[in-house]
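Have a look at the structure below, then the notes.
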Amino acid sequence: MAEEAVLGFLEKNEQIIDSGEFAAEQGISHDEIVNVIKSLNGFRFVDAQDIKKERWQLTDEGKTYAANGTPEYHLFMAIPPEGISTVELKKKLGDSVFKIGITQARNKNWVEMGKSISRKVAKVEDDVKAMLVKINDGETLNQEDIAALKGRKLISPQIWKGYSVKKGPNYAPKRRKPATDLTRENLQRGDWKEMQFKEYNFSAKGLPVEGGCLHPLLKVRKQMQMIFLQMGFEEMPTNNYVESSFWNFDALFQPQQHPARDSHDTFFLREPSTTRMLPEDYVERVKQIHESGGHGSRGYGYDWKREEANKNLLRTHTTAVSSRMLYALAQKPFEPKRFYSIDRVFRNEAVDRTHLAEFHQIEGLICDRGLTLGDLQGVLYDFFSRLGMSKLRFKPAYNPYTEPSMEIFGYHEGFKKWVEVGNSGMFRPEMLQPMGFPEDVRVIAWGLSLERPTMILYGIDNIRDLFGHKVDLGLIKSNPLCRIGLN
Ligand code: PHE
C-alpha cells in the first residue's frame with residue numbers, strides 16, 4: 001500500500017518534496033514510507049535524496065511546565081497584593097519551585113525583593129508555557145525564543161531524517177517482484193522472455209564454514225605413526241595404489257596360480273592393463289626361483305609367465321611396498337633398516353559388517369643380519385604393548401612369502417578375550433636372495449589392518465559406520481581425541 005502510494009504519486013507528480021509531509025497526507029506511518037523508499041531506491045525505481053531537519057523536543061522538565069505552568073508563573077500568582085515574606089512564600093511553593101521561580105521572575109521584572117517579596121506588575125502571561133505547548137505541537141519558534149528555552153534545558157534538539165523523492169531510471173508505476181528462479185513452467189510458457197530476474201548479490205555472506213574434523217582412522221593412524229617413530233622406524237613411500245602383479249605377488253614368491261591372483265580376489269586394471277618397466281635382471285632371478293628354485297629351495301616347478309607378472313592391479317597389501325623397498329635396499333651396500341607403512345589396499349571382497357573392498361594396512365619390517373623368530377616376537381611385544389596389549393599369543397600360519405609365519409592374538413582387557421590382531425613372519429630366502437641380499441640378512445615383518453584396532457578403540461561394530469558412503473558424520477564430528485592406551 002505504501003509502495004503503491006509512492007509510485008502512484010510520482011506517476012502524476014514531479015516529486016515528493018518531503019517524505020514526512022507525504023506520510024502525514026497519506027495517513028501512512030513515516031517509518032513505513034521510509035522503508036518503501038529505501039527499497040525502491042535500491043532497485044533505482046526512484047531517486048531519493050536525504051533530508052535532515054533539526055526539530056525540538058521537550059525535556060522532562062519542559063513537559064512538566066507545558067502541562068502545569070512554569071515556576072515563575074506559580075510564584076507570581078502566589079504573591080498577594082500586599083507582598084509576602086520569603087519564608088512564607090517558600091512554605092507555599094516548596095523549595096525547588098521557589099528557587100527557580102524567584103530567579104526567573106526577577107529576570108523578567110515581574111517581582112521585586114525588599115524586606116518582603118512583592119509584585120512589580122499587575123498581570124503576567126505564562127509565555128514560556130505557551131512556547132513549550134507550541135513546540136510540542138510541532139510549530140516553529142523564532143531563534144531567540146528557541147535559544148532561551150534551550151538555555152533553560154526545557155527543550156533538546158532532535159535530528160529528523162526523511163527523503164525527497166523523484167522517479168528513477170527504472171521507474172514504473174507498478175513494481176513487479178523480480179524472479180529469483182527460472183522454473184520449468186517459465187520455460188514451457190515462454191514468459192521468461194518478459195520476466196525480470198533478481199540480480200546476484202555478490203557481497204552476500206555465505207553459510208558459515210564449519211571446521212574440519214579428523215576421522216577416527218586418521219587419529220589412530222597418527223598414533224600408530226608415533227609408535228613406529230618412537231621405535232626408530234622410517235616411513236616407506238606408499239603413494240601408488242596401482243601396482244604390477246610382479247611387485248605385489250611374484251617378488252613375494254607368490255606362485256602365479258595362487259587363488260589370490262584370481263580376478264575374484266583382486267582388482268586388475270583394464271587401462272593401463274600392464275606395467276611398462278621392471279628391473280630385467282631381477283625379473284629373471286624371480287622367474288628362476290619360481291620355476292626351479294635355488295639357494296637351497298626347489299622352487300614351484302611351473303612355467304613362469306612374464307605376461308602374468310606384467311598385469312596391473314590395485315595393490316592387495318602394503319607388502320608390495322615392502323618388496324620394492326627391500327629390492328632397492330639390496331642394491332646398495334647392506335645397511336640394517338626399520339621400515340613401516342600405513343596406507344590403503346584393495347581386495348575384491350563381498351562387503352559385510354567387518355569387510356570392505358578397500359581398507360588400510362599397517363606394516364612394519366626390520367632388516368638385519370642374523371635376526372630370529374625370537375626377535376620378531378620381542379618386537380611384537382614391544383609394539384602391541386604400546387597399543388595397550390601386553391599379552392600376546394602366536395599361532396602358526398601360512399603366507400607364501402614368510403616362513404615361519406604367525407598369526408598374532410592379543411588379550412583384550414575390555415572384552416576379556418583373545419582377539420586376532422595381526423599376521424607376521426620372516427621373509428623367505430626365496431624372496432630375499434633374488435633381490436641380492438647377503439645370505440645372513442633376515443627380515444622380520446608384521447601387518448595388521450588400521451580399521452580393526454580403530455573399531456575396537458572406538459566401539460564400532462559395523463565397518464560401514466566407519467568408512468564409506470554410510471559413514472556416521474556425527475561420530476566423526478564428536479569422537480574422542482585419542483584412545484590408544486585408554487582401553
Ligand atoms: N601382507 C600380509 C597381509 O596382507 C601381512 C603380513 C605382512 C604378513 C608382513 C607377514 C609379514 O595380511
Side-chain angles (χ1 to χ4, degrees), residues 224 227-228 231 233-236 238 240-241 243-255 258-262 265-267 313-327 329 337-349 354-368 371-384 387 392-410 419-432 435 437 441-453 463:
M224 295 287 182
I227 289 171
F228 277 116
M231 291 174 70
F233 283 64
E234 287 170 57
E235 186 168 9
M236 295 186 271
T238 51
N240 58 313
Y241 291 168
E243 187 52 277
S244 63
S245 293
F246 180 77
W247 292 110
N248 194 85
F249 294 127
D250 296 281
L252 291 165
F253 199 53
Q254 191 144 340
H258 192 282
R261 302 185 64 157
D262 193 284
D265 289 304
T266 298
F267 294 112
L313 45 75
L314 292 179
R315 69 175 175 224
T316 62
H317 53 181
T318 45
T319 315
V321 176
S322 303
S323 68
R324 276 179 180 271
M325 288 299 285
L326 287 170
Y327 170 74
L329 191 64
K337 281 284 179 192
R338 292 159 188 248
F339 283 140
Y340 81 93
S341 68
I342 307 175
D343 208 345
R344 199 171 293 194
V345 301
F346 307 84
R347 290 184 192 173
N348 194 356
E349 241 170 324
T354 53
H355 293 87
L356 288 178
E358 53 188 299
F359 61 101
H360 298 78
Q361 280 192 332
I362 303 167
E363 182 150 328
L365 67 87
I366 302 178
C367 176
D368 204 350
L371 292 174
T372 65
L373 194 65
D375 291 312
L376 176 57
Q377 292 186 337
V379 172
L380 293 176
Y381 272 110
D382 188 0
F383 178 79
F384 282 97
L387 293 178
L392 297 183
R393 271 182 187 170
F394 304 105
K395 180 175 155 190
Y398 173 78
N399 294 308
Y401 37 91
T402 53
E403 182 60 36
S405 310
M406 303 186 300
E407 269 172 12
I408 311 159
F409 290 80
V419 293
E420 198 195 325
V421 291
N423 182 7
S424 67
M426 300 186 71
F427 283 137
R428 295 184 77 106
E430 289 96 327
M431 171 181 162
L432 301 179
M435 287 178 170
F437 278 113
V441 167
R442 303 281 179 272
V443 180
I444 56 179
W446 74 101
L448 58 148
S449 84
L450 178 62
E451 280 75 3
R452 195 167 161 77
I463 199 165

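Just so it is clear, the structure is predicted and the values come from calculations on it, not from any experiment. Counting from 1, the numbers follow the sequence of the chain as shown. We count ligands from 1, going down the list as the structure has it; atoms in each ligand are counted the same way.
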Is it the side chain, the backbone, both or neither of Leu365 that has a heavy atom closer than 4.0 Å to ligand 1?
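Neither; nothing of Leu365 gets under 4.0 Å from ligand 1.
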So which of Ala445, Ser424, Gly425 gets nearest to atom 9 (C) of ligand 1, if we judge by its closest heavy atom?
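Answer by nearest heavy atom: Ala445.
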For atom 3 (C) of ligand 1, which of the options Gln361, Glu407, Glu363 provides the nearest non-hydrogen atom?
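Shortest heavy-atom distance from atom 3 (C) of ligand 1: Gln361.
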Under 4.0 Å from a heavy atom of His317: which atoms of ligand 1 are those, numbered in the order shown and with their elements?
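Near His317, the atoms of ligand 1 are 1 (N), 4 (O).
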Identify, by atom number and element, the atoms of ligand 1 in contact range of Asn399, meaning under 4.0 Å from any of its heavy atoms.
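Every atom of ligand 1 under 4.0 Å from some heavy atom of Asn399: 8 (C), 10 (C).
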So do the side chains of Met236 and Thr318 get within less than 4.5 Å of each other, counting heavy atoms only?
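No. Closest side-chain heavy atoms not under 4.5 Å.
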Heavy-atom gap Arg347 to ligand 1 smaller than 4.0 Å:
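Under 4.0 Å: yes for Arg347.
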For [atom], grab the closest protein heavy atom and report residue, atom and distance to one decimal in Å.
atom                    : value
atom 6 (C) of ligand 1  : Gly447 N, 4.0 Å
atom 2 (C) of ligand 1  : Tyr401 OH, 3.1 Å
atom 12 (O) of ligand 1 : Asn423 ND2, 3.7 Å

Return yes or no for this condition: an N or O of Thr319 is under 3.5 Å from an N or O of ligand 1.
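The answer is yes, given that Thr319 and ligand 1 share an N or O pair closer than 3.5 Å.
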Parallel under 30°, tilted from 30 to 60°, perpendicular over 60°: which one fits the rings of Phe249 and His317?
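Ring orientation of Phe249 relative to His317: tilted.
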For the pair Trp446 and Phe233, name the ring-plane relationship: parallel under 30°, tilted 30 to 60°, perpendicular over 60°.
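Because their plane-to-plane angle is over 60°, the rings of Trp446 and Phe233 count as perpendicular.
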Check this for me: does any side-chain nitrogen of one of Glu349 and Arg347 sit under 4.0 Å from a carboxylate oxygen of the other?
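No, this pair does not count.
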For residues Thr316 and Asp265, is any side-chain donor paired with an opposing acceptor at under 3.5 Å?
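Asp265 and Thr316 do not have a side-chain donor-acceptor pair below 3.5 Å.
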With no hydrogens and no angle check, is any side-chain donor or acceptor of His360 less than 3.5 Å from a backbone partner on Glu451?
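No; judged by distance alone, with no hydrogens or angles, the pair does not exist.
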Donor-acceptor under 3.5 Å (Ser424 side chain, Met406 main chain):
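Yes, Ser424 side chain to Met406 backbone: donor-acceptor pair under 3.5 Å.
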